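Worksheet: the structure to be examined is printed underneath.
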Amino acid sequence: MLLVAVGTGCRDEKPAEPLQSLKPEPLPSLASGSGAPVGDAGAVARDESAPSVELAPVYGEAVPEEALRLELAGEQVRLGQESFEAGRPAEAARLAERVKDREVLLVPDADTYLVQVSELLRVLRDSAKAVWLKHPDGPVAYPVVLRDEAGFRAWLEEVAAGKLRIIQRSDGFELMTSVGKLPGPDANGPSVPVRGGRQDLATLRRALGLLKRRFKTSEDICLVPSFGTEVAQAVRALGAVYTANGEPLFETLCLIYPTPRGVKDGG
């Protein structure tokens, strides 16, 4: 009788959830045609010189009028009539004093690369109250959190859904998440490939909209440009996070910059 009672009790137990049900929801795919425009991002014009690329409207935040304006020129930066080369310790110290606890607007030129401004970005990260990047093609700017390579690793290790990042490569944008890469037209290529030799910012904006719908609670996103990327091109990519002026898909934008020469990774 004891054996029968035990057997009956076992039959009343609910089976465990199958492991398959514990898998995260799969990512959407740009190749599936689900990349519908988000907000005003669909209001684009065709670039006649490169018919395969849509021209994305330039969106962002109003340029902060009271911010100190720093203009890039290679490894030098101009503040009014003064010039600083942040790679020189004495000049970096002078610049740190000038920007201490101030809002700063960084204005890129066409020819300065990210690797040339690593020391400058470290100074701004450590001393400025806030850092804005001016868009090279429109009267808007973007507030950014600056992180070096060690800071980026620490951010990735935080326990949070999403951990969205835009990897800016020479052949396009790779969109990475905590559960993998957003699939693009070519499984072996970037999520948003370069088209006609130009960044496809309109498609990048739509792709970010897909990720926002998938990761509804994610509030931040990081741009990770290759260190040979022009600063101006990185700023243009930040514009894809906006669907209209003052309407970002993610509240916090972060820019990853290379660890300065002669500085131990992590500052």
Side-chain angles (χ1 to χ4, degrees), residues 56-88 91-148 151-152 166 168 199 201 204-205 208 219-225 227 229-258 260 267:
V58 174
Y59 297 134
E61 304 288 346
V63 175
E65 296 182 358
E66 301 301 319
L68 290 177
R69 184 183 178 96
L70 300 181
E71 298 183 351
L72 290 180
E75 295 187 0
Q76 291 192 334
V77 61
R78 291 190 296 271
L79 172 57
Q81 300 301 313
E82 297 180 272
S83 291
F84 302 86
E85 188 172 333
R88 299 177 181 273
E91 295 189 31
R94 280 200 305 122
L95 179 61
E97 283 299 316
R98 294 297 307 275
V99 304
K100 185 176 177 62
D101 298 327
R102 296 288 303 273
E103 284 194 85
V104 169
L105 176 68
L106 197 59
V107 182
D109 61 1
D111 304 316
T112 297
Y113 294 87
L114 193 66
V115 71
Q116 294 177 282
V117 296
S118 58
E119 288 91 348
L120 169 64
L121 295 178
R122 178 181 60 82
V123 169
L124 297 183
R125 182 200 65 182
D126 294 343
S127 301
K129 177 182 178 181
V131 177
W132 294 72
L133 301 180
K134 169 73 171 60
H135 197 290
D137 308 318
V140 296
Y142 309 104
V144 294
V145 173
L146 297 173
R147 291 191 175 100
D148 64 6
F152 179 47
I166 307 167
Q168 188 172 10
Q199 295 183 112
L201 297 177
L204 176 60
R205 181 173 284 156
L208 293 175
E219 297 181 351
D220 56 356
I221 189 168
C222 281
L223 175 66
V224 191
F227 300 154
T229 300
E230 297 94 335
V231 177
Q233 289 290 74
V235 178
R236 290 185 177 102
L238 288 174
V241 177
Y242 282 74
T243 60
N245 284 329
E247 296 185 13
L249 289 164
F250 306 93
E251 292 301 317
T252 302
L253 310 181
C254 101
L255 176 69
I256 307 303
Y257 65 92

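Since the model is a prediction, treat every value here as computed from it, not as a measurement.
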For this session: Tell me, with the steps shown, if Leu201 and Arg236 meet side-chain contact (heavy atoms from CB on, under 4.5 Å).
Result: CA-CA 8 Å; Leu201 297 177; Arg236 290 185 177 102; 4.1 Å; yes

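- Side chains of Ile256 and Asp148 form no contact here, defined as non-hydrogen atoms less than 4.5 Å apart.
- In this structure the side chain of Leu253 never reaches within 4.5 angstrom of the side chain of Leu223, judged on heavy atoms.
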Problem set entry | Derivation and outcome, side-chain contact (heavy atoms from CB on, under 4.5 Å), residues Leu106 and Leu120 | CA-CA 10 Å; Leu106 197 59; Leu120 169 64; 3.9 Å; yes

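- Between Glu71 and Val77, every side-chain heavy-atom pair lies at or beyond the 4.5 Å cut-off.
- Considering only heavy atoms from C-beta on, Leu79 comes within 4.5 Å of Phe84 through its side chain.
- Between Pro143 and Glu61 the shortest side-chain heavy-atom distance falls below 4.5 Å.
- Arg147 contributes no side-chain N or O that, together with a main-chain N or O of Leu255, makes up a donor-acceptor pair within less than 3.5 Å.
- Arg122 is listed as a side-chain neighbour of Tyr257, based on a closest heavy-atom distance under 4.5 Å.
- Counting heavy atoms from C-beta on, the side chains of Arg69 and Arg78 never come closer than 4.5 Å.
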For this session: Test side-chain contact (heavy atoms from CB on, under 4.5 Å) on Trp132 and Glu103 and set out the steps.
Result: CA-CA 8 Å; Trp132 294 72; Glu103 284 194 85; 2.9 Å; yes

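- At a threshold of 4.5 Å between non-hydrogen side-chain atoms, the residues Leu70 and Leu124 count as touching.
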Problem set entry | CA sep, side-chain torsions, deciding dist, call: Ile166, Leu208, side-chain contact (heavy atoms from CB on, under 4.5 Å) | CA-CA 9 Å; Ile166 307 167; Leu208 293 175; 4.1 Å; yes

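- Side-chain polar atoms of Gln233 and Gln168 form no donor-acceptor pair below 3.5 angstrom.
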